[in-house]
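Here the structure comes first, spelled out in structure tokens, and everything after it is commentary.
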Amino acid sequence: MRKPSAAAEQVMAAAAEADPRDLPEVLCTTLCRALPVDGATLSLLTDTPDRQLLHASGTAAFRLEQVQFEMGEGPCVTAAATGRPVIVADLHGRLTQWPLFGPAARERLPEIGAVYAFPITDGDGGHPVGSVDLLRLEPWDPDEATLQECAAAAHAVGLALLTAPAVLPWDPTPAMEAHWGRTHRAAGVLSQRMGVSVDEALARMRADAFGSGRPLPDIAEETLARLLGGAAEDGHGHGPRGSA
């Protein structure tokens with residue numbers, strides 16, 4: 001009989017005591033405490049245009065998610081798309097699997113040495129609905145026992161989220177809203193105006209950002225301003241906010 005995962009037990013215990021409004025932050029904090037990692041992020045619908053970051057444990061973790069979202073590829077995107085863990089023991093090695101994310105990671109994420117991404121599923125062996133990213137500041141190739149602990153903890157995170165209130169009473173930070181929420185809104189507006197899918201609209205915005213070397217949130221704000229005029233709203237009755 002397999003020994004219960006200590007990390008998973010810590011995650012479930014912390015989730016049981018957490019205020020639902022703080023659940024994403026509590027889960028990420030617990031992952032960092034229970035596992036030999038320096039940071040953690042939690043995202044839902046990771047490989048779709050509606051991807052949403054729920055929490056990042058610090059600046060390095062937040063930047064990792066920014067780069068993956070802007071490039072449209074990376075460890076957590078692949079983990080959610082395939083339903084399998086993705087282990088990058090040396091983030092600054094040859095990341096040929098991701099032609100855009102690899103160079104961007106080397107340039108923009110010098111402080112991160114390794115990334116371990118695990119899918120969140122809607123049940124045992126179910127459909128991926130998001131991902132957990134774990135990071136270390138130094139490169140490190142974890143042993144099998146450590147990987148099993150990480151996978152068990154990520155599974156516990158999924159259980160905690162899926163048993164949370166039907167509508168998680170979670171309020172994104174201004175930086176998350178500017179980077180994810182506003183970009184999703186801009187992609188939706190562009191999709192309607194051009195008669196293309198949201199996937200295609202977001203891909204065009206990413207290509208514009210990549211080609212110009214400018215942040216994706218800036219492209220999103222310009223898109224909203226151009227298509228909706230000066231009264232582009234964020235869904236709460238406010239005009240455009242500054243970029244992340």
Check your understanding: Do side-chain atoms of S191 reach the backbone of A187 as a donor and acceptor pair under 3.5 angstrom?
Key -> no

Practice item. Verify the cluster assignment for W140 and V132: are they in a single hydrophobic cluster under the rule of side-chain heavy atoms below 4.5 Å apart? Key: yes

Check your understanding: What do the steps show when you test R185 against L228 for side chain to side chain contact (heavy atoms under 4.5 Å, CB included), and what is the final call?
Key -> CA-CA 11 Å; R185 176 160 171 73; L228 299 181; 3.6 Å; yes

Exercise for review: Drop me the distance from T59's OG1 to L64's CG, to the nearest 0.5 angstrom.
Suggested key: 12.5 Å

Review point. Quick one: does L147's side chain get under 4.5 Å of I87's, heavy atoms only?
Key: yes

Exercise for review: Verify the cluster assignment for L42 and V26: are they in a single hydrophobic cluster under the rule of side-chain heavy atoms below 4.5 Å apart?
Suggested key: no

Review point. In terms of hydrophobic clustering (I, L, V, M, F, W, Y; side-chain heavy atoms under 4.5 Å; direct or indirect links), are V88 and L100 co-clustered?
Key: yes

Review point. Does the pair E221/R182 count as a salt bridge with the N-to-O cut at 4.0 Å?
Key: yes

Point to revise | Steps toward side chain to side chain contact (heavy atoms under 4.5 Å, CB included) verdict (L134, C150) | key: CA-CA 9 Å; L134 305 171; C150 291; 3.8 Å; yes

Check your understanding: If you measure from the Lys or Arg side-chain nitrogens to the Asp or Glu carboxylate oxygens, is any gap between E70 and R63 under 4.0 Å?
Key -> no

Point to revise | Carboxylate-amine/guanidinium proximity below 4.0 Å for R226 and E222 | key: no

Review point. Quick one: is the NZ or CZ of R106 closer than 6.0 Å to the six-membered ring centre of F101, and within 45° of its axis?
Key: no

**Study point:** Beyond-backbone contact of P36 with R136, side-chain heavy atoms, under 4.5 angstrom
**Key:** yes

Exercise for review: Take E65 and S43 through the side chain to side chain contact (heavy atoms under 4.5 Å, CB included) test and state the conclusion after the steps.
Suggested key: CA-CA 9 Å; E65 292 305 312; S43 301; 3.4 Å; yes

Exercise for review: Starting from the C-alpha separation in whole Å, work towards a yes-or-no answer on side-chain hydrogen bond (donor to acceptor under 3.5 Å, both in side chains) for T30 and Q10.
Suggested key: CA-CA 7 Å; T30 305; Q10 289 186 52; over 6 Å; no

**Study point:** Within-4.5 Å side-chain heavy-atom neighbours: P103 and W98
**Key:** no

**Study point:** Under the side chain to side chain donor-acceptor pair (under 3.5 Å) test, residues paired with R193 that sit two or more places apart
**Key:** none

Check your understanding: Below 4.5 Å, heavy atoms only, C-beta onward: do L27 and L161 meet side chain to side chain?
Key -> yes

Check your understanding: Between OG1 of T41 and NE2 of H55, what distance do you get to the nearest 0.5 Å?
Key -> 9.5 Å

Check your understanding: Any idea which heavy atoms bring D90 and P139 closest together, and the distance?
Key -> OD1-CG, 3.9 Å

Review point. Can you check whether F62 reaches L53 side chain to side chain, under 4.5 Å on heavy atoms?
Key: yes

Check your understanding: Under 4.5 Å between side-chain heavy atoms, hopping through other hydrophobics if needed: is there a path connecting L44 to F118?
Key -> yes

Practice item. For the residue pair Y116 and P85, establish whether any side-chain heavy-atom pair is separated by less than 4.5 Å. Key: no

Exercise for review: Tell me whether L54 is reachable from L159 by hopping between hydrophobic residues (I, L, V, M, F, W, Y) whose side-chain heavy atoms are closer than 4.5 Å.
Suggested key: no

Practice item. Take atom CZ of R84 as the centre, draw a 6.0 Å sphere, and report whether it contains more than 12 heavy atoms from other residues, nucleotides or ligands. Key: no

Practice item. Could you walk me through whether E73 and T78 pass the side chain to side chain contact (heavy atoms under 4.5 Å, CB included) test, one step at a time? Key: CA-CA 7 Å; E73 61 181 29; T78 299; 6.0 Å; no

Point to revise | Atom of L23, atom of A160 and distance for their closest heavy-atom approach | key: CD2-O, 3.9 Å

Exercise for review: Any chance you could measure E111, atom CD, to L137, atom CG, to the nearest 0.5 Å?
Suggested key: 8.0 Å

